[in-house]
**Student:** 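Have a look at the structure that comes next, please.
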Amino acid sequence: MSDKACDTQVLASWPGGVVVAGAVTAALAGLLTVAKDLIAPIKAAFAALAGHHWRGQTLVLLVLFIVLAFACDRLRVAERWRLSPCRAGMLLLAGSAVGVVSIVAVFVLAG
Amino acid sequence: MSEYLVFLHAVTGGVGTLLAVALAAVLLRSRDTGRPESVLAWTILTLFWITAFAGIWWYLTGYNEPKALIKAGPMPWAHNVVMEIKEHAFLVGLMVSSVLPTVVGEARRLGSPQARRMAALACVVVALIGLSMEALGAFVSLAIRLSMPEATV
């Protein structure tokens, strides 16, 4: 798929915001895991939020997803970044890769 | 109760993963995107969130005993590494599955092959993470079995 074909369309504001929110929170699922594994107060804060750090982290990610989607929609991020379907797909893939690789790395190294 | 939660967790996760594979195939093969694809995307999202709730609930109420068995058994890293990766990497899949109905709806609106490929790529990410979770779950089950007295595979 050439770059030209990729850039012919731009996502609407709301779907663009949801894609950015999904990619960022997918990456954050990993980065927050690394942070809470290395910094005890972060783990304690998640635990204090919802009774267990894993449940607290899930809650934070859900809230961030919703807030980011609305914020990116209001700021018209899709239009400003000219977020084409190809770029949106790559963004989701990159966010997921960051999330999964950081999680695997932190537990393999710690284990 | 604990066994039912594990069953629900595994089944909803497995079915959601298979539906993600099916949705990716439909998106890549068809020329337009319609209501069935949107219904499928919403179903996957719902199944993955049920999987998450069942998994978290079971982890907090029923996993303590199996965890102690694994840690005392021949494969303690099945908890320290495998289970830890499983419970956290699932969150990545959960976030991407939350995007599915929106990207499928946008693929429907744009009506281009590129937009359908974007939605299919999101499905593939969800399916790959789902399949990995099933494999890691099977590995944790094996570690529990091997940790039991007079263990047999």
Side-chain angles (χ1 to χ4, degrees), chain A residues 1 5-12 14-30 32-34 36-37 50-52 54-55 57-58 61-62 64-66 69 78 84-93 95-100 102-104 106-111, chain B residues 27 45 49 52-53 55-57 59-61 63 75-129 132-133 136:
Chain A
M1 197 187 311
C6 266
D7 289 335
T8 50
Q9 293 177 313
V10 174
L11 266 63
W14 173 249
V18 171
V19 165
V20 173
V24 170
T25 50
L28 277 177
L32 288 177
T33 302
V34 174
K36 77 177 181 180
D37 204 61
H52 189 276
W54 187 30
R55 201 157 52 179
Q57 187 181 354
T58 308
L61 288 173
L62 177 63
L64 266 175
F65 177 81
I66 294 167
S84 64
C86 291
R87 286 180 184 175
M90 287 300 127
L91 197 61
L92 279 173
L93 194 61
S96 306
V98 168
V100 170
S102 54
I103 288 165
V104 171
V106 76
F107 289 117
V108 167
L109 292 176
Chain B
L27 286 163
L45 181 150
W49 276 98
F53 283 121
I56 290 173
W57 196 357
Y59 189 89
L60 298 180
T61 59
Y63 182 61
M75 299 156 71
W77 45 269
H79 171 76
N80 299 337
V81 179
V82 178
M83 189 58 162
E84 292 285 2
I85 289 174
K86 182 181 181 330
E87 67 185 68
H88 289 96
F90 175 74
L91 294 175
V92 177
L94 188 64
M95 289 300 116
V96 181
S97 73
S98 301
V99 167
L100 283 185
T102 309
V103 290
V104 168
E106 188 62 355
R108 189 177 174 181
R109 187 185 73 83
L110 293 171
S112 67
Q114 287 83 13
R116 282 198 297 280
R117 277 181 216 147
M118 165 191 69
L121 183 63
C123 291
V124 168
V125 169
V126 169
L128 283 176
I129 291 174
S132 307
M133 296 304 105
L136 295 176

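Below, read A as the first sequence line, B as the second, and so on, with proteins coming before strands; counting in each chain starts at 1. If you're wondering where the values come from, they're calculated on a predicted model, not measured in any experiment.
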**Student:** Between chain B and each of A:Leu92, A:Val98, A:Thr25, A:Val19, count heavy-atom pairs under 4.5 Å; write down the option with the most.
**Tutor:**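 The answer is A:Thr25.
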**Student:** Hey, are the side chains of A:Leu11 and B:Met118 touching, using non-hydrogen atoms and a 4.5 Å cut-off?
**Tutor:** yes
**Student:** Which atoms of B:Arg109 come close to chain A, meaning under 4.5 Å heavy atom to heavy atom: side chain ones, backbone ones, both, or neither?
**Tutor:** side chain
**Student:** Please give me the minimum heavy-atom distance between A:Gly89 and B:Leu121, naming the atom from each residue.
**Tutor:** O-CD2, 3.2 Å
**Student:** Is B:Trp49 in contact with chain A via its backbone, its side chain, both, or neither, using a 4.5 Å heavy-atom distance?
**Tutor:** side chain
**Student:** Taking all non-hydrogen atoms of both residues into account, name the closest pair between A:Pro15 and B:Glu106 and its distance.
**Tutor:**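 Nearest heavy atoms, A:Pro15 then B:Glu106: CG-OE1, 3.3 Å.
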**Student:** Between B:Leu60 and chain A, with a heavy-atom cut-off of 4.5 Å, which part of the residue counts as in contact: side chain, backbone, both or neither?
**Tutor:** side chain
**Student:** Residues two or more places apart in sequence or in another chain: which of them pass salt bridge (Lys or Arg N to Asp or Glu O under 4.0 Å) with B:Glu87?
**Tutor:** none
**Student:** State the CD-OG1 distance between B:Gln114 and A:Thr8, to the nearest 0.5 angstrom.
**Tutor:** 5.0 Å
**Student:** Grab the two heavy atoms, one from A:Ala26 and one from B:Val92, that are nearest each other, plus how far apart they are.
**Tutor:**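 Smallest heavy-atom distance, with atoms named: O-CG2, 3.6 Å.
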**Student:** Only pairs of heavy atoms separated by less than 4.5 Å count here; which of B:Leu94, B:Val96, B:Val99, B:Val103 has the most with chain A?
**Tutor:** B:Val99
**Student:** Which atoms form the tightest heavy-atom contact between A:Arg55 and B:Ile56, and what is the distance?
**Tutor:** CD-CG2, 3.8 Å
**Student:** At a heavy-atom separation under 4.5 Å, does B:Ile129 approach chain A through its side chain, its backbone, both, or neither?
**Tutor:** side chain
**Student:** Between the side chain of A:Gln9 and the main-chain N/O of B:Leu110, is any donor-acceptor distance below 3.5 Å?
**Tutor:**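 Between the backbone of B:Leu110 and the side chain of A:Gln9 there is a qualifying donor-acceptor contact (under 3.5 Å).
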**Student:** Look at A:Gly99, A:Ala23, A:Ser96, A:Ser102 and state which one has the largest set of heavy-atom pairs under 4.5 Å with chain B.
**Tutor:** A:Ser96
**Student:** Among A:Ala12, A:Ala29, A:Gly22, which residue forms the greatest number of heavy-atom pairs with chain B at distances under 4.5 Å?
**Tutor:**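 Most heavy-atom pairs under 4.5 Å with chain B: A:Ala12.
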**Student:** Quick one: sort the B:His88 and A:Trp54 rings into parallel, tilted or perpendicular, breaks at 30° and 60°.
**Tutor:**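 Because their plane-to-plane angle lies in the 30° to 60° range, the rings of B:His88 and A:Trp54 count as tilted.
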**Student:** Is the shortest heavy-atom distance from the side chain of A:Leu93 to the side chain of B:Val125 under 4.5 Å?
**Tutor:**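 Contact flag for A:Leu93/B:Val125 side chains = yes.
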**Student:** Among residues at least two apart in sequence or on other chains, which ones pass side-chain contact (heavy atoms from CB on, under 4.5 Å) with B:Trp77?
**Tutor:** B:Met75, B:Val81, B:Val82, B:Phe139
**Student:** Taking side chain to side chain contact (heavy atoms under 4.5 Å, CB included) as the criterion, tell me which of A:Thr33, A:Val100, A:Val106, A:Val104 meets it with B:Ile85.
**Tutor:** A:Val104
**Student:** Which residue out of A:Thr58, A:Val108, A:Leu32 racks up the most heavy-atom pairs below 4.5 Å with chain B?
**Tutor:** A:Thr58
